[in-house]
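Have a look at the structure below, then the notes.
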2 protein chains.
Amino acid sequence: MVDNLTVPSPETEIPEEISGLRMTRQRREVYRILLQDRDHPTANDVFLRVKDALPSISLATVYNCLEALVQHGIVRQVNFERESSRFCPNVAEHGHFHDRSTGVIHDITFKPGVNLSDFLELPAGAVVTDIELTLRGQLGSI
Amino acid sequence: MVDNLTVPSPETEIPEEISGLRMTRQRREVYRILLQDRDHPTANDVFLRVKDALPSISLATVYNCLEALVQHGIVRQVNFERESSRFCPNVAEHGHFHDRSTGVIHDITFKPGVNLSDFLELPAGAVVTDIELTLRGQLGSI
DNA sequence: CCAATATCAAGAACTATTCTAAATTGGTTT
DNA sequence: AAACCAATTTAGAATAGTTCTTGATATTGG
């Protein structure tokens, strides 16, 4: 289910630098936490988890690190409604299915070869650079 | 471009009650503002506009009214990233195209007859009750 | 008309996030 | 290794949007 082609595993050595971003101790740990449990944690979730490795890290630093990772395309920031932002290390294009009964968020991918204009009435001349798709519902028990 | 089959026009008399929600003076005016300019205003935008008709209305009341309208399915609340919520009177299923260069938000509809599973790899047994789709980009000048 | 209920208004409170300023760190040059 | 400089981290203050609280006001049903 997890795409190991686009995202390193948590055991992988995280290099000194990724996409031009120097990996400080804090950034490395924040990133490692994201790779570890792919459950779309909030900044505060990350803060709590990263404290094991770096007890003196501050929440502001977690925000800083997440912002740096996002801006360098290493991590994706995901917003559901007006809830706290969530973060995931899967930067491949994908949407989310939010299971209302369990709260679990599943990544969903587009079928290969589909085109936005295949199923959407887009304004004439629209050039789409960014897609945000969230589905909500339940995982029916078949 | 505006769907007059699912949304009343601003000139239409707004009835005493919609979908079980009593239309107070404040709710009526808030709703009228939303019908007037379909530009996805924020709560504060609505507040500023509605003051013409009701100079003593408070921002809290605008929030209350919008919440009541949303909860009764009369109005839709739309969130882009972590910006202020926006509100639109088009409750038919639709997504949004956010033009980055002008800031204008265009409603986009699904082509008739398309199915989510036609273009998405959904988790097995997923029952989708709610779709949120936002595209960002530019309206190329062709 | 009166009581019960719903709604409104004003401002305080709350939450997630960003900002600020000072301290620390890391890498580089001497 | 010491000095230097820029980048980063930290802690707490500030901010923005929204929600909550409380008392006032309006509306409905009896």
Original post:
Which of these, Arg25(B), Glu29(B), Gln26(B), sits in a side-chain contact (heavy atoms from CB on, under 4.5 Å) with Ile57(B)?
Top reply: Gln26(B)

Subject >> Distance in angstrom units between Asn79(B) CG and dG17(D) P, rounded >> reply: 13 Å

Subject >> Rounded interatomic separation in angstrom, taking CG from Leu66(B) and P from dA9(C) >> reply: 13 Å

Original post:
Which nucleotide in the set dT17(C), dT18(D), dT9(D) lies at the smallest distance from any side-chain heavy atom of Asn64(A)?
Top reply: dT9(D)

**OP:** Check every strand shown and say whether Arg82(A) touches a base, only sugar-phosphate, or nothing at a heavy-atom separation below 4.0 Å.
**Re:** sugar-phosphate

Original post:
For the side chain of Ser84(A), counting heavy atoms from C-beta on, which of dT18(D), dG12(D), dT17(C) is nearest?
Top reply: dT17(C)

**OP:** Could you tell me whether the side chain of Thr129(A) and the main chain of Arg136(B) form a donor-acceptor pair under 3.5 Å?
**Re:** yes

Original post:
Given dT19(D), is OP1 or OP2 found less than 4.0 Å from the side-chain N or O atoms of Tyr63(B)?
Top reply: no

**OP:** Could you state the atom-to-atom distance from CZ of Arg28(A) to C1' of dT25(C) in whole Å?
**Re:** 14 Å

Original post:
Which nucleotide, dC8(C), dT18(D), dT17(C), lies nearest any side-chain atom of Thr24(B)?
Top reply: dC8(C)

Subject >> Side chains of His40(A) and Asp45(A), donor plus acceptor under 3.5 Å >> reply: no

Original post:
What integer distance in Å separates Met23(B):CE from dA6(C):P?
Top reply: 16 Å

**OP:** Send over the distance from Arg25(A) CZ to dA7(D) P, rounded to a whole Å.
**Re:** 22 Å

**OP:** Let me know the distance between CZ of Arg27(A) and P of dT10(D), rounded to the nearest Å.
**Re:** 11 Å

Original post:
Are the side chain of Arg27(B) and the backbone N or O of Arg22(B) linked by a donor-acceptor pair below 3.5 Å?
Top reply: yes

**OP:** Look at the rings of His96(A) and Phe80(A) and say which category their plane angle falls in: under 30° parallel, 30 to 60° tilted, over 60° perpendicular.
**Re:** perpendicular

**OP:** To the nearest Å, give me how far apart CD (Glu81(A)) and P (dT18(D)) are.
**Re:** 12 Å

Original post:
Would Asn79(B) and Asn79(A) count as having a side-chain donor-acceptor pair, cut-off 3.5 Å?
Top reply: no

Subject >> Ser56(A) or Thr42(B), whichever maps to the more 5' nucleotide of DNA chain D >> reply: Ser56(A)

Protein-nucleotides 24-30 of chain D N/O pairs closer than 3.5 Å?
{"unit_1": "dT27(D)", "atom_1": "O3'", "unit_2": "Arg22(B)", "atom_2": "NH1", "d": "3.2"}

Subject >> Candidate nucleotides dG17(D), dA16(C), dT10(D), ranked by approach to the side chain of Thr61(A) - the nearest >> reply: dT10(D)

Subject >> Length of the CG-C1' vector between Leu21(A) and dT8(D), whole Å >> reply: 11 Å

Original post:
Starting at the 5' end of DNA chain C and moving along, which residue's nearest nucleotide shows up first, Ala43(A) or Ala60(B)?
Top reply: Ala60(B)

Subject >> Per Gln26(B) side chain, nearest of listed nucleotides dA11(D), dC8(C), dA16(C) >> reply: dC8(C)

Original post:
Thinking salt bridges, do Arg49(A) and Asp39(A) make one under a 4.0 Å N-O criterion?
Top reply: yes

